[in-house]
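Note sheet for the following structure.
Chain naming here is simple, since letters A, B, ... match the order of the sequence lines and numbering starts at 1 in each.
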Amino acid sequence: MSNEAIAQQFLELADLTEFVGDSPFKARAYRQAAQLLESLQTPIESLAERGREALAALPGVGDAIADKILAYLQTGAIPKREQLLQTVPAGVLEVMAVPGIGAKTARLLYEQLGVHDLASLRDALMSGAVDRLPHFSPRKRERLLRLVELKHKSQRRTPLGLALPRGRELLQAIQSLDGVQQAMLCGSARRMQEDVGDLDYLVASDTPQAATQAFVNLPAVAEVYAQGATRAQVFLKSGLQVDLKVAPSERWGAGMLYLTGSRAHSIRLRQRALERGLKLNEYGVWRGAECLAADTEEAVYAALGLPWIPPPLREDTGELEAAEQGRLPRLVERQDIRGDLQSHSHWSDGLDTLETMAQAADALGYEYLAITDHAHQFADREAFEQRRRAIEQLNQRRGGRPYLLNAIEVNILPDGSLHAPDWMLRAAQFVLAGVHEAHGQPAPQMTARLIRALEHPAVDALAHPTGRRYGKRPPNDADWARIFECARALGKAIEINGYPTRMDPPTPLARVLVESGAWVCLGTDAHAARDLGAMELAVGLAQRGWATPERILNTRPLDALMHWLAQRRENP
DNA sequence: GCCGTTTTCGGCCCGACTGTTTTCAGTCG
């Protein structure tokens, strides 16, 4: 039972609470609890073992929600949610997920027309039955019908690795629109969240009306959901939602802050403003009618008595307290990274030659690149020896710019042993071990398996620890705190993998990893030269885990990295 | 449902846009 699963239950409980017309503040409390559970760094079970008081001590969790969590852990369900589902069809949850349909409208549709899921909603819209409802018109019916179809298309959130290129492409288009002076991608993409639900743009313009009009006229736009004087919301043909907000340049910082979120972070900031007799909105920080700060984010934070907080930390998971106490981390940045510690060449399943990989790594300014071809894909000792010579020759020819490491990625078998001969494990300069089969073992087995692999003297680091693949495979279950502690004690590294469909370990766990004090290595898992650019995703994930450069292996210069590896080999 | 050196009761972030009910509720981010 994952924290995500129970968070989802609370979100549904919130929707159901609104649907039946109970206090909207209850619904908000449930949503806050869901957000808290998602961001929690420890499994809720282990917290619950310390009793009801430990749960009720969490911010936003009181006796009632603590009881609901306990009941969920015992029975697999929240009784209140089950009780509401006795009277409310579960399908109304998907009806409420259609843009523009909230609790009141969903309830009206249900009571008057028996709309109980997406299919019956579509029927009611197509037949025109909705026209006799109050507040409905043929125009609204057509609009809703289009939104239902779009909603159908874009059920899933978009992985950051796909959203960022699309977002940047669209940013260019927005920047070149008439009347747009400046534009910026904000929202969850700026916070480097692993998946994004929409793209948010802030635009500076002296002619906001013209700018929003030009925006909704972009060829990629399929449906204009809202368009006003200072903002517009559209859906692209792909189903992706895009929000645009226009701000005068003197209010740019307040606009950025507002549009970047997260929602929870913004709410905390506004509460903080109120506590100081101030008001925070998207136009600035105000004392009465006097604007204290608005032009930069730094100024807005400063007016609230805080240093600037990096976007990846803005999740209300302790960053405000850290900022207040002057202990915000100096986050690792892309420029700190001197090499990539996972990549594949055509010697295993990569597409490109060593030469091409080296050139691409050089273009990124790297000092080194670990070529971690899959160990089991070498036919024999001679094949491995051939690659070693090829790497050596290339290093000589290129003068070590970048220096290629003769490395391997070795499969961790179900029992924790390694799928590679001893001579290869000894010969490789860097050994990355990862799970590629028998996913989904029970947690105790997976924990033992990974610890056994880490304890193997030849292993330097654990690759993509949870094995999750977007839309394909959930993270493996294991006692991660114990595994990370084991890596720390052994002086070994755990990878933060930036391959777009991996992004592993996921955010809350990335922070557990960083806090464990174990060494961390960043890798793109590139299977082609063009994939090496995913390092920004690995860095973003590390930032969301509050990582500083100190314990990240590949912030080290080559000689320090080689020293680290040599020491490990001398004292296995 | 949660929370508190202004409170254990009475509050709970703030504003834009839509549609249509001529003054505002619903929805969203």
Side-chain angles (χ1 to χ4, degrees), chain A residues 10 13-15 17-19 21-36 55-69 78 80 95-109 130-131 133-144 147 186-188 191 196-202 208-209 212 216 223-235 241-247 251 254-255 257-286 304 316:
Chain A
F10 272 107
L13 177 58
D15 280 351
T17 302
E18 282 186 334
F19 182 85
D22 204 346
S23 159
F25 295 108
K26 276 193 196 179
R28 207 185 70 169
Y30 296 145
R31 291 208 174 90
Q32 278 180 346
Q35 208 248 331
L36 173 87
L55 291 176
L58 293 167
V61 176
D63 290 342
I65 287 180
D67 284 341
K68 287 178 172 61
I69 293 172
I78 300 174
K80 180 87 174 278
V95 174
M96 287 174 71
V98 174
I101 299 185
K104 301 275 173 67
T105 310
R107 177 152 187 172
L108 183 73
L109 286 163
V130 294
D131 288 358
L133 294 182
H135 309 298
F136 267 84
S137 66
R139 207 172 124 209
K140 184 168 170 176
R141 159 163 52 80
E142 292 303 320
R143 173 183 145 99
L144 273 179
L147 287 168
C186 296
S188 47
R191 299 199 314 277
V196 305
D198 64 354
L199 296 172
D200 301 284
Y201 293 93
L202 183 67
Q209 299 270 14
T212 51
V216 303
E223 173 77 17
V224 180
Y225 177 76
Q227 181 188 358
T230 64
R231 63 186 314 164
Q233 285 179 39
V234 303
F235 291 91
Q241 184 184 333
V242 183
D243 295 357
L244 182 100
K245 177 176 167 50
V246 185
R251 308 222 175 278
L257 184 62
Y258 164 77
L259 213 54
T260 300
S262 68
R263 194 180 187 72
H265 181 81
S266 296
I267 288 175
R268 282 288 306 276
L269 284 179
R270 286 171 182 194
Q271 284 169 343
R272 185 182 174 88
L274 286 178
E275 286 161 15
R276 292 161 184 248
L278 306 173
K279 185 172 82 170
L280 171 65
N281 59 23
E282 60 256 57
Y283 305 110
V285 179
W286 305 81
L304 299 174
D316 188 23

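Residue-level contact check: A:Arg263 touches the bases, meaning some heavy atom is under 4.0 Å from a base atom. A:Pro134 comes within contact range of no nucleotide atom at all, as no heavy-atom separation falls under 4.0 Å. As judged by a 4.0 angstrom heavy-atom cut-off over every strand, A:Ala229 is placed among residues touching the sugar-phosphate backbone only. At a threshold of 4.0 angstrom between heavy atoms, the contacts of A:Leu269 with the nucleic acid are absent. Within 4.0 Å (heavy atoms only), A:Glu18 reaches no atom of the nucleic acid at all. Across all strands shown, A:Ala33 has no heavy atoms under 4.0 Å from either base or sugar-phosphate atoms.
Taking the nucleotide of DNA chain B with the nearest heavy atom to each of A:Val98 and A:Ala57, the more 5' of the two is matched to A:Ala57. Two residues, A:Gln227 and A:Leu280, neighbour DNA chain B, and the one matched to the more 5' nucleotide by heavy-atom proximity is A:Leu280.
Taking atom CZ of A:Arg270 as the reference point, atom C1' of B:dC12 lies 14 Å away to the nearest angstrom. Separating the CG atom of A:Leu147 from the C1' atom of B:dT18 is a distance of 12 Å, rounded to the nearest angstrom. Between the CD atom of A:Gln241 and the P atom of B:dT27 there is a distance of 16 Å, given to the nearest Å. Summarising the geometry, the separation between NZ on A:Lys279 and P on B:dC12 is reported as 14 Å, rounded to the nearest angstrom. Atoms CG (A:Asp67) and P (B:dG1) sit 10 Å apart, rounded to a whole Å.
Comparing atom distances between the A:Glu282 side chain and each of B:dG19, B:dG15, B:dC12 picks out B:dG15 as nearest. When each of B:dG1, B:dG19, B:dG29 is scored by its nearest atom to the side-chain atoms of A:Lys140, the top-ranked nucleotide is B:dG19. Side-chain proximity of A:Ile267 to B:dC13, B:dT27, B:dG1: nearest is B:dC13. Closest to the A:Gln233 side chain, of the nucleotides B:dG1, B:dG29, B:dA16, is B:dG29. Of the candidate nucleotides B:dG19, B:dC2, B:dG26, B:dG19 has the atom lying nearest to any side-chain atom of A:Arg139.
Contact between the side-chain N/O atoms of A:Lys68 and the OP1/OP2 oxygens of B:dG1 is found at a separation under 4.0 Å. Not one side-chain nitrogen or oxygen of A:Lys26 sits closer than 4.0 Å to the OP1 or OP2 atom of B:dC12. Considering only side-chain N and O atoms, A:Arg28 lies under 4.0 angstrom from the phosphate OP1 or OP2 of B:dC13. For the OP1/OP2 pair of B:dG29 and a distance below 4.0 Å, the side-chain nitrogens and oxygens of A:Tyr225 include no atom meeting the criterion. Put simply, A:Ser137 has a side-chain N or O that comes within less than 4.0 Å of OP1 or OP2 on B:dT20.
Using a 4.0 Å cut-off between charged side-chain N and carboxylate O, A:Asp15 and A:Arg31 make a salt bridge.
By the 5.5 angstrom centroid cut-off and the 30-degree plane limit, A:Phe25 is classified as not stacked against the base of B:dC2.
Syn is the conformation of B:dT7, whose glycosidic angle sits no further than 90° from 0.
A:Tyr30 and A:Phe10 have tilted rings, their planes meeting at an angle from 30° to 60° on a 0 to 90° scale.
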